[in-house]
**Student:** 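Let me give you the structure first, and then I'll get to my questions.
All values below were derived from every heavy atom in this structure, side-chain atoms included, with hydrogens, water molecules and symmetry-related copies excluded.
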Amino acid sequence: MDMLDTTTTVAVSLYTLLSTAYKSMQAVYSLPTDVSLASQGLDGFDELPSVDVIVPSFNEDPRTLSECLASIAGQEYGGRLQVYLVDDGSENREALRPVHEAFARDPRFNILLLPQNVGKRKAQIAAIRRSAGDMVLNVDSDTILASDVIRKLVPKMQDPAVGAAMGQLTARNRNDSWLTRLIDMEYWLACNEERAAQARFGAVMCCCGPCAIYRRSALASLLDQYESQYFRGKPSDFGEDRHLTILMLKAGFRTEYVPSAIAATVVPNKLGPYLRQQLRWARSTYRDTLLGLRLLPNLNRFLTLDVVGQNLGPLLLALSVLTGLAQLALTGTVPWLAALMIVAMTMIHCSVVALRARQLRFLGFSLHAFINIFLLLPLKAYALCTLSNSDWLSRSSAGNSNQHPATDARTTECSGHATAPRRLNPARDPAARTTSDCMCSDE
C-alpha cells in the first residue's frame, strides 16, 4: 500500500506546483493595463464601421428572446446597425410570432425563418452570408447586452491584426439558485483571469458565443472551414465558438477580451442541464486543443503553460483523488497530506480572487471544488473517452440529433439550404407582419 501513498503524494505535489505556477502567472498577466485601444473610444475611426448582429434562435422562450432583442435595439452606437434574427426551425414558432412581428417593424431588424432545425452554426452562417457589415457580432438569444457593448467592442477592432474580441459574461439568472451563483463566479474567473491573461498576448483561446465580435474580412476567409468542421470523419456541430477562435488564431489574427463590454446570459439552474453543458464543452475543448497545439510554438510561452495547466492539472488532481480514495478504501488511512494541499490551494485561490474582485462572495466559490472533484473530473474523463459523440444532449427537434441549446428567434422561413434567405421587414412589406418569408440560416 506504500505505492498508493507515494502515488498520491507525488500526484498532489505535482498538481500543487503546476497550479501554483500557472495561477500565479495568470494572476499577473490578467491585471489590467493602460495600453488597450478600447480605452480610446471610437475617436480613432474616420467613419464608424457598420455592425451586423447575428442572433440564432431555437425553441427560445418568447419573453427571453424579446428581452435579448430589446437590448440589441437599445445599443448606444452611432454607426450603421443591422440585426439578423434566425429562427432555426423552432417548434414553438407560433408562440414566438408576436415577438418576431414586433421587432420586424424596426427597419434594422431582419427575421429569418428556417423550415427545419439545422443547428446554431449553420444558422449563423446563413445570416453572415446574407449580411454585409464591416463587423459581425454573434449574440445568443438568451443574452442581454449592456447598452454600450458594441461601443466598447468596436474600438478593439481598430487594429487590423485583430480578428475577434469578446465581452465579459455574467449569469443573467444569477439569483435563481446556489448553482447559478457558483456559475456566475465561474464566469467571472473564466473571463477576468483566463481570458484576460490570454488577451495580454492577443490569443484568447475561445471567444464565447453569447457576445463575440468578428472582423468580416477575416471571418469571410474562414467561413468554409468553420462550416465544414469534422472530427474522425463525422460532422462536429458543437463547440463552434472555440473552433472559430482557433481558426482565427491559426490564420494569424489576434483575439482579444474587453472586460467593460458586459453581456448577461442565462445559465443552467439545475445540476443535470449544467453537467450536460459541461460535457459538450469538455468534448469541444479536447477536440480543438489538438488543433490549438500547433499554434503554441508561435505564441508566448505562457500560453503553453496555460494549455498544460488546463489539461494536465485536472489529470493530476484526478489521479490524486483516485489514489487517495483507493488508499482510504484499502487501508482505512486518510491521505491527509493530499486533502490538506487541495483544501489549501482552493482557499488561497478563492481568497486572492475575493481580494481582487473586492467581493467576499468569492470565498464561497470553494464549494465548487466539490462539484469539480466528484462530478466534473469524472465527466471530463467520460468526455475524453467519447470524443466522437456529437449529441447536443439538450433541446431536441424532430429530424436532427445534433441540437444546440442556444435559443434565438425571428420570423422568416427558408425553403432549403440552397435558398438565399429573404428578410422579413413590415416597414417595406406590410404582408410580412403576419406571414413567413423564405430565408435560410445556419449555426
**Student:** Could you tell me whether the side chain of Asn269 and the main chain of Leu179 form a donor-acceptor pair under 3.5 Å?
**Tutor:** no
**Student:** Without placing hydrogens or testing angles, list every side-chain donor-acceptor pair under 3.5 Å for residues 362-377, not counting sequence neighbours.
**Tutor:**
| from | atom 1 | to | atom 2 | distance (Å) |
| --- | --- | --- | --- | --- |
| Ser366 | OG | Leu363 | O | 2.9 |
| His368 | NE2 | Tyr274 | OH | 3.4 |

**Student:** Is there a side-chain contact between Leu244 and Glu240 (heavy atoms, below 4.5 Å)?
**Tutor:** no
**Student:** For Thr16, does its backbone N or O pair with a side-chain atom of Ser19 as donor and acceptor, under 3.5 Å?
**Tutor:** no
**Student:** What pair of heavy atoms forms the shortest contact from Ile72 to Val55, and how long is it?
**Tutor:** CD1-CG2, 3.6 Å
**Student:** Taking atom types as modelled and ignoring hydrogens, do the side chains of Arg172 and Thr143 form a donor-acceptor contact shorter than 3.5 angstrom?
**Tutor:** no
**Student:** Not counting sequence neighbours, which residues clear side chain to side chain donor-acceptor pair (under 3.5 Å) with Arg181? List them please.
**Tutor:** none
**Student:** Testing the basics here: between Pro259 and Gln168, what is the closest heavy-atom pair and its distance to 0.1 Å?
**Tutor:** O-NE2, 2.8 Å
**Student:** Go through the steps to decide whether Thr386 and Asn389 satisfy the test side-chain hydrogen bond (donor to acceptor under 3.5 Å, both in side chains), and finish with yes or no.
**Tutor:** CA-CA 6 Å; Thr386 58; Asn389 191 325; 5.6 Å; no
**Student:** What residues, two or more places apart in sequence or in another chain, satisfy side chain to side chain donor-acceptor pair (under 3.5 Å) together with Arg174?
**Tutor:** none
**Student:** What closest approach, in Å, do Ser13 and Met341 show between heavy atoms, and which atom pair accounts for it?
**Tutor:** CA-CE, 4.1 Å
**Student:** So, are Asp106 and Arg108 salt-bridged, with charged N and O less than 4.0 Å apart?
**Tutor:** yes
**Student:** May I have the list of side-chain donor-acceptor pairs in residues 198-212 shorter than 3.5 Å, sequence neighbours left out?
**Tutor:**
| from | atom 1 | to | atom 2 | distance (Å) |
| --- | --- | --- | --- | --- |
| Gln198 | OE1 | Met205 | N | 3.0 |
| Gln198 | NE2 | Asp306 | OD2 | 2.9 |
| Arg200 | NE | Tyr29 | O | 3.4 |
| Arg200 | NH2 | Tyr29 | O | 3.2 |
| Arg200 | NH2 | Leu31 | O | 2.8 |

**Student:** Which heavy-atom pair separates Ser260 from Asp148 by the least distance, and what is that distance?
**Tutor:** O-OD1, 4.5 Å
**Student:** Which residues pass the side-chain contact (heavy atoms from CB on, under 4.5 Å) test with Asn311, not counting sequence neighbours?
**Tutor:** Tyr286, Thr289, Val307
**Student:** For Ala95 and Pro98, which heavy atoms make the closest approach, and how far apart are they?
**Tutor:** O-CD, 3.4 Å
**Student:** Kindly give the heavy-atom pair with the smallest separation between Ser131 and Ile54, and that separation in Å.
**Tutor:** OG-CD1, 4.4 Å
**Student:** Could you tell me which residues satisfy side-chain contact (heavy atoms from CB on, under 4.5 Å) with Ser24, sequence neighbours excluded, listed by chain and number?
**Tutor:** Thr20
**Student:** Can you find a pair of side-chain heavy atoms, one from Asp61 and one from Val266, that are under 4.5 Å apart?
**Tutor:** no
**Student:** Taking only residues two or more places apart in sequence or in another chain, which ones pass salt bridge (charged side-chain N to carboxylate O under 4.0 Å, His left out) with Asp52?
**Tutor:** Arg80, Arg216
**Student:** Is Leu182 close to Glu186 at the side-chain level, that is, under 4.5 Å between some pair of heavy atoms?
**Tutor:** no
**Student:** So, using side chain to side chain donor-acceptor pair (under 3.5 Å) as the criterion, who are the partners of Tyr257 when residues are at least two apart?
**Tutor:** Asn192
**Student:** Tell me whether Glu101 is salt-bridged to Arg105, with the criterion being a basic N under 4.0 Å from an acidic carboxylate O.
**Tutor:** no
**Student:** Who pairs with Lys380 by side chain to side chain donor-acceptor pair (under 3.5 Å), at least two apart in sequence or on another chain?
**Tutor:** none
**Student:** By side-chain contact (heavy atoms from CB on, under 4.5 Å), which residues pair with Leu315, not counting sequence neighbours?
**Tutor:** Leu312
**Student:** Tell me which pairs pass side chain to side chain donor-acceptor pair (under 3.5 Å) where either residue lies in residues 351-363, with sequence neighbours left out.
**Tutor:** Ser30-Arg356, Asp184-Arg361, Gln359-Arg361
**Student:** Pick out which of Val136, Val154, Val149 makes a side-chain contact (heavy atoms from CB on, under 4.5 Å) with Ile213.
**Tutor:** Val154
**Student:** Taking side-chain contact (heavy atoms from CB on, under 4.5 Å) as the test, write out the residues that go with Ser284, two or more places apart.
**Tutor:** Phe238
